[in-house]
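One-based numbering, in listed order, for ligands and for the atoms of each.
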Amino acid sequence: MGHDVGDLLLKEIAKRLKSIASHTDFVARLSGDEFCFLVKDIEGEDVASDVAKRCLEVISKPIELSARKFTPACSIGIAHYPDDGRDLSTLIKAADTSLYAAKECGKNQYTLYRPELTQRAEYQFRVEQNLREAVENNQLSLVYQPQIQVLSDKIIGVEALSRWNHPRLGQVSPSEFIATSERIGMIKPLTEWALKTACNQAVAWKQAGLPAIRMAVNISPSYFLDKDFVSLVERTLDETGMVPSELELEVTESAVQTDPENLLVFRELKKLGVLLAIDDFGTGYSSFASLKHLEVDCLKIDKYFLDDMLIDKKSEVLIASMIEMCRNLEHETIAEGVETAEQYDALKRLGCEIVQGFFFGKPVDADEMSVILAQQAQAVQYCRDKLTV
Ligand code: C2E
Ligand code: MG
Ligand code: MG
């Protein structure tokens, strides 16, 4: 909304912070949208936490700017002198580290400094430093997890999941390096690599005589909405010879908004003939309007609902409703994170079409998956032979 409006907001926040400061406290703006609140004579952590709570409270009061109403939010990091830093720069660095931890925990909250946070920040820094090189030099790999059709008990698809095993950092979790690659602008090359590798693999399996299966690839919401994304998919299909209807793009709910640009991306992808799945369904900000307007093929029910579906009736009812809704909308449902036979039985009873989870198979590398697919093909052939005899 422009610098002028930004300045007005900063002034208002400064005023609010000053309104809760006592005559011994000191408030300053450090840079950009960062403020520093110095509180003297603190006897325990509770006092600092109380100040932080009051800051969150005053800042979150609605504000009107250019005739529009906003509800500001902030994250707060707390550091204590002298425990967390004996000089100014160490103390501010500690507060900064806790601030980032507060942001990571979902924002709009405060975090007290702990030495582990510095270790975490250093780890993140090392991940960040090495990731660029890893993506550029093909040091990532893909593993594949089977998706099983309940009716036939057969693998009808696999989900490709990225892995990064760094010589010094060890196995870095995908949630960690995907978020980092989004932050440092590496999500585009990473997605290009994942899409191409997965499509090449699917084509190679078919060329090796294995039955056609669906290949699902995760796409970060930030890149899904990039203007180059549709042409990347088109190019990858061309270059790899992948059959469009055998490629499924999984995107989480945050990309599922119904603004015109987004609708266009969905429509253009559908024109290419690829399948679209909404990942982690039910955990984000999905709206029924998006299901009305967007052409999706499949909803993936998040593990969050499955975890307690056997003990919490509410979870079971929600899963049943999602499956029913999908059936009526002619979307497929995939339940992800199935870990036990009991969960599988319950999902079967509720009419879920496809299941995925450790109960059926953990993600494995391409060679291992080739063996699994070949075994399945042999078993099917064996049954057919039996039937024809
Ligand atoms: P996701 O797409 O929802 O993938 C499912 C995650 O659940 C995977 O974790 C998988 O290993 C795990 N999982 C599957 N079955 C079970 C189960 O029965 N129990 C448990 N506890 N976990 C199960 P993973 O591989 O760590 O990936 C985490 C997330 O990172 C993925 O969630 C996806 O959002 C993201 N991700 C992974 N690879 C890529 C990629 O190439 N590109 C993008 N954009 N995101 C990726
Ligand atoms: Mg997924
Ligand atoms: Mg998921």
Check for a donor-acceptor pair, side chain of Glu336 on one end and backbone N or O of Lys303 on the other, with a separation under 3.5 Å. no
Side chains of Ser22 and Thr24: any donor to acceptor distance under 3.5 Å? yes
Could you go through ligand 1 and note, for every N or O atom, any protein N or O atom closer than 3.5 angstrom, writing the atom names and distance to 0.1 Å, or 'none'?
unit_1	atom_1	unit_2	atom_2	d
ligand 1	2 (O)	Glu159	OE2	3.0
ligand 1	2 (O)	Asn218	OD1	2.8
ligand 1	2 (O)	Asp279	OD2	2.8
ligand 1	3 (O)	Asp280	OD1	3.1
ligand 1	15 (N)	Gln145	NE2	3.1
ligand 1	18 (O)	Phe358	N	2.8
ligand 1	19 (N)	Glu339	OE2	2.5
ligand 1	21 (N)	Glu339	OE2	3.1
ligand 1	25 (O)	Arg163	NH1	2.8
ligand 1	25 (O)	Arg163	NH2	2.9
ligand 1	38 (N)	Ser162	N	3.1
ligand 1	41 (O)	Ser162	OG	2.5
ligand 1	42 (N)	Asn218	O	3.4
ligand 1	44 (N)	Ser220	N	3.4
ligand 1	44 (N)	Ser220	OG	3.1

Quiz question: by atom type and distance under 3.5 Å, do the side chains of Tyr304 and Ser315 form a donor-acceptor pair? no
Any Ile59 side-chain heavy atom under 4.5 Å of Leu17 side chain: yes
For the pair Lys270 (side chain) and Val274 (backbone), establish whether a donor and an acceptor sit closer than 3.5 Å, ignoring hydrogens and angles. yes
Please state whether the rings of Phe229 and Tyr223 are parallel, tilted or perpendicular, taking 30° and 60° as the class boundaries. perpendicular
Salt bridge (Lys or Arg N to Asp or Glu O under 4.0 Å) filter on Glu57, not counting sequence neighbours, yields none
Hey, what's the ring geometry for Phe359 with Tyr344, parallel, tilted or perpendicular (30° and 60° as the breaks)? tilted
Go around the Mg ion (ligand 2) and count every protein N, O or S atom nearer than 2.8 Å. 4
Run the salt bridge (Lys or Arg N to Asp or Glu O under 4.0 Å) test against Lys154 and tell me which residues pass, sequence neighbours left out. none
